[in-house]
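Single-structure report; data block below.
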Amino acid sequence: MVGSIERMGHNLYSNGSIQNFNGLEEKLDELRCLLGKAAGDPLRIVGVGAGAWGSVFAALLQDSYGQYREKVQIRIWRRPGRAVDRATAEHLFEVINSRENVLRRLIRRCAYLKYVEARLGDRTLYADEILKDGFCLNMIDTPLCPLKVVTNLQEAIWDADIVVNGLPSTETREVFEEISHYWKERLTVPIIISLSKGIEAALDPVPHIITPTQMINRATGMSMENILYLGGPNIASEIYNKEYANARICGAEKWRKPLAKFLRQPHFIVWDNSDLVTHEVMGGLKNVYAIGAGMVAALTNESATSKSVYFAHCTSEMIFITHLLAEEPEKLAGPLLADTYVTLLKGRNAWYGQMLAKGELSLDMGDSISGKGMIQGVSAVGAFYELLSQSSLNVPHPEENKPVAPVELCPILKTLYKILIRREQSSQAILKALRDETLNDPRERIEIAQTHAFYKPSLLGQPTALITFPIAKESYNII
């Protein structure tokens with residue numbers, strides 16, 4: 001009877017927070033068994049890309065499972081040759097000396113001297129070099145555990161059982177096309193977990209979204225059953241510092257449930273969901289509006305009132321867009337708003353908007369910023385605008401009694417496009433858009449979304465159907 005109670009307690013709420021978190025080796029053994037790993041053959045997990053979230057994800061796994069060296073190998077790949085500038089090296093030295101445990105670790109590893117020399121300008125540090133000591137170039141203030149770093153892509157991934165895509169969406173296709181060449185002789189199929197948040201727009205044969213998991217599928221030819229997406233309202237440095245967080249791993253049931261269990265930690269709760277592509281698209285959508293939020297914050301001296309006005313408009317646009325993308329958009333409301341909220345509070349896209357509005361960054365500097373990494377919201381603005389401006393996706397206009405392209409009901413998105421992509425307007429235009437008396441009440445946009453059935457399955461690559469929009473006494477049939 002006692003044994004039965006213990007087993008029940010161990011399994012209770014396996015998709016929530018109440019479970020036995022001390023059974024790390026048992027969780028590792030379960031995943032190894034599922035993957036058919038023989039004794040003496042370690043489970044090989046490889047992170048591809050070493051931005052903030054990719055590095056933290058690898059470090060979380062290393063902290064949890066790295067002690068079982070005979071059963072698992074965890075390594076991370078990043079391109080070699082990225083130099084650390086003098087100012088960053090000086091700041092890194094200050095971080096090291098402010099943390100006694102980090103200082104002692106580097107001294108024990110005979111690695112401290114190179115940071116002294118870099119601070120003095122007597123040598124150059126490289127991003128892959130400091131990553132081995134636990135320092136991510138995009139997150140200097142949060143030292144990680146030391147990581148096994150590989151700079152040769154073929155060496156890193158050729159025998160990997162699990163590959164974690166930590167690349168920006170703009171680099172995912174290119175890198176995985178190269179990876180596919182190294183997997184031609186494989187006898188087993190790896191699992192891929194994508195952390196990337198961003199999209200591309202494709203207009204032929206019909207307008208549709210291409211997500212990072214779809215890029216990986218097309219680049220490698222792997223079945224979507226073996227490609228998953230993990231995302232949530234997360235700030236990488238806070239997760240590594242064990243602030244409470246949660247995420248969802250989305251994809252085929254065969255892998256998402258065991259991986260959710262494997263990844264779950266007391267401070268990092270991982271749920272699972274079958275809707276991979278829509279969650280992935282939502283992860284890219286919130287980056288779009290985060291940039292505008294940063295602009296509003298900077299231009300209004302952090303006015304809570306102005307930011308709340310912007311929040312009302314941007315969330316109504318996101319709700320409108322989710323009704324185009326999902327048959328049951330209500331299920332996405334919580335995850336989307338939570339992810340938007342944390343990104344507006346402390347995300348790199350909001351920071352980027354602030355720096356643009358303050359004049360401390362310019363668009364000519366590009367969207368890959370030193371110390372922050374890729375600002376994925378910029379390319380997402382272009383992709384969403386391009387998609388939603390297509391007349392084949394027309395929706396009813398609330399006042400003009402005619403069908404219009406969806407982007408015409410998204411004034412914030414249109415303004416961001418003019419600022420960031422066309423460069424026709426300055427950041428001040430975002431405030432002009434909010435102050436425009438002709439701007440519809442956000443409530444009206446939500447009502448349009450809720451009362452007109454204009455779900456567009458073709459946007460996510462699903463078969464399309466005949467959709468009828470009732471406007472006044474007329475109907476517009478759109479294929």
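The six-membered or imidazole ring of Y65 lies near that of F262, with a centre-to-centre distance under 6.0 Å. In summary, the aromatic rings of Y115 and F135 are positioned with their centroids under 6.0 Å apart.
No salt bridge links D128 with R78; every basic N to acidic carboxylate O contact stays at or beyond 4.0 Å. We find that E280 and K197 are not joined by a salt bridge, their nearest charged nitrogen and carboxylate oxygen being 4.0 Å or further apart. With respect to the salt-bridge test (charged N to carboxylate O, under 4.0 angstrom), the residues E177 and R218 do not qualify. Salt-bridge annotation for E171 and R79: present, with a side-chain N of the basic residue lying under 4.0 Å from a carboxylate O of the acidic one. Ion pairing of K71 with E25 is present here, as a side-chain N (NZ or NE/NH1/NH2) and a carboxylate O approach within less than 4.0 Å.
Across all their heavy atoms, N138 and G51 have their closest contact at ND2-CA, 3.7 Å. In plain terms, the two heavy atoms of A298 and K358 that are nearest each other are CB-CG, 3.9 Å. The nearest pair of heavy atoms linking I76 to S55 is CD1-CA, 3.9 Å. The shortest heavy-atom contact between V46 and A160 is CG2-CB, 3.7 Å. Considering every non-hydrogen atom in both V270 and R264, the closest pair reads O-NH2, 2.9 Å. Residue T124 comes nearest to E129 through the heavy atom pair O-OE1, 4.1 Å, listed as atom of the first residue, atom of the second, then distance.
Side-chain polar atoms of D159 and Y182 form no donor-acceptor pair below 3.5 angstrom. Between the side chains of E317 and Y289, a donor-acceptor pair is found at a separation under 3.5 Å. When only modelled atom types and interatomic distance are considered, T88 and D85 share a side-chain donor-acceptor pair under 3.5 Å. For the residue pair S223/N226, the side-chain donor-acceptor check at 3.5 Å is not satisfied. Under 3.5 Å, the side chains of S64 and Q265 contain a donor-acceptor pair of N or O atoms. Side-chain contact of D63 with Y240: a donor-acceptor pair under 3.5 Å is present, judged by distance alone.
Although no hydrogens or angles enter the test, the distance criterion places a donor-acceptor pair under 3.5 Å between the side chain of D161 and the main chain of R44. Judged purely by atom type and a 3.5 angstrom limit, N241 has no side-chain atom pairing as donor or acceptor with the backbone of E243. Without hydrogens or angle criteria, S389 side chain to E386 main chain gives a donor-acceptor distance under 3.5 Å. The backbone N or O of K37 sits nowhere less than 3.5 Å from a side-chain atom of D41 that would complete a donor-acceptor pair. At distances below 3.5 Å, at least one donor-acceptor pair connects side-chain atoms of W183 with backbone N or O atoms of I157. Although no hydrogens or angles enter the test, the distance criterion places a donor-acceptor pair under 3.5 Å between the side chain of R186 and the main chain of W158. A donor-acceptor distance shorter than 3.5 angstrom exists from the side chain of R348 to the backbone of M374, with no hydrogens or angles considered. Using modelled atom types, no side-chain atom of R256 and backbone atom of L228 make a donor-acceptor pair closer than 3.5 Å. Without hydrogens or angle criteria, H181 side chain to I179 main chain gives no donor-acceptor distance under 3.5 Å. With hydrogens and angles disregarded, a donor-acceptor distance shorter than 3.5 Å links the side chain of R105 to the backbone of D133.
In this structure, C145 and L147 have side chains that are in contact, with non-hydrogen atoms separated by less than 4.5 Å. Counting heavy atoms from C-beta outward, D364 and R423 have side chains that approach closer than 4.5 Å. Two residues are said to be in side-chain contact when any heavy atoms from C-beta on lie closer than 4.5 Å; V72 and P42 fail this criterion. Contact check for K132 versus P146: no side-chain heavy atoms found under the 4.5 Å cut-off. At least one side-chain heavy atom of I191 sits under 4.5 Å from a side-chain heavy atom of L35. At least one side-chain heavy atom of L31 sits less than 4.5 Å from a side-chain heavy atom of L259. In this structure, the side chains of M215 and I210 come closer than 4.5 Å at one or more pairs of heavy atoms. Using a 4.5 Å cut-off on side-chain heavy atoms (C-beta onward), L413 and V407 make contact.
With rounding to the nearest 0.5 angstrom, the OG1 atom of T278 is 11.5 Å from the OH atom of Y229. Between S370 atom OG and M365 atom CE the span is 8.5 Å, to the nearest 0.5 Å. Between atom CG of residue L356 and atom OG of residue S426 there is a gap of 11.0 Å, rounded to the nearest 0.5 Å. The CD1 atom of I419 lies 5.0 Å from the CD1 atom of I430; values are rounded to the nearest 0.5 Å. A distance of 9.5 Å separates CZ of R119 from CG of D122, quoted to the nearest 0.5 Å. The structure places CG of L420 at 11.0 Å from CD of Q425, a figure rounded to the nearest 0.5 Å.
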Inset, instruction - List the steps, then state whether side-chain contact (heavy atoms from CB on, under 4.5 Å) holds for N97 with Y112. - result: CA-CA 10 Å; N97 283 276; Y112 179 66; 2.9 Å; yes

Inset, instruction - Please assess S194 against S196 for the test side chain to side chain donor-acceptor pair (under 3.5 Å), listing each intermediate value before the final yes or no. - result: CA-CA 6 Å; S194 181; S196 182; 5.0 Å; no

Legend entry - Stepwise side-chain contact (heavy atoms from CB on, under 4.5 Å) test for R82 and L137: CA-CA 9 Å; R82 174 76 181 274; L137 189 58; 3.8 Å; yes

Inset, instruction - Dump the intermediate steps for side-chain contact (heavy atoms from CB on, under 4.5 Å) on E178 and L153, then the final yes or no. - result: CA-CA 9 Å; E178 182 178 350; L153 185 58; 3.6 Å; yes

Legend entry - From CA spacing to verdict: side-chain contact (heavy atoms from CB on, under 4.5 Å), L230, L263: CA-CA 10 Å; L230 185 138; L263 297 173; 3.6 Å; yes

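Applying the 6.0 Å contact sphere to CZ of R104 captures no more than 12 heavy atoms from other residues, nucleotides or ligands. Within a 6.0 Å radius of NZ in K148, other residues, nucleotides and ligands contribute 12 heavy atoms or fewer. Crowding of E70 atom CD: a count of heavy atoms from other residues, nucleotides or ligands under 6.0 Å not exceeding 12. Residue-environment remark: CZ (R422) stays at or below the threshold of 12 foreign heavy atoms within 6.0 Å. The 12-atom threshold is not exceeded at NZ of K346, counting heavy atoms of other residues, nucleotides or ligands nearer than 6.0 Å.
Ring geometry, F268 versus W53: the interplanar angle exceeds 60°, so the pair is classed perpendicular (tilted spans 30 to 60°).
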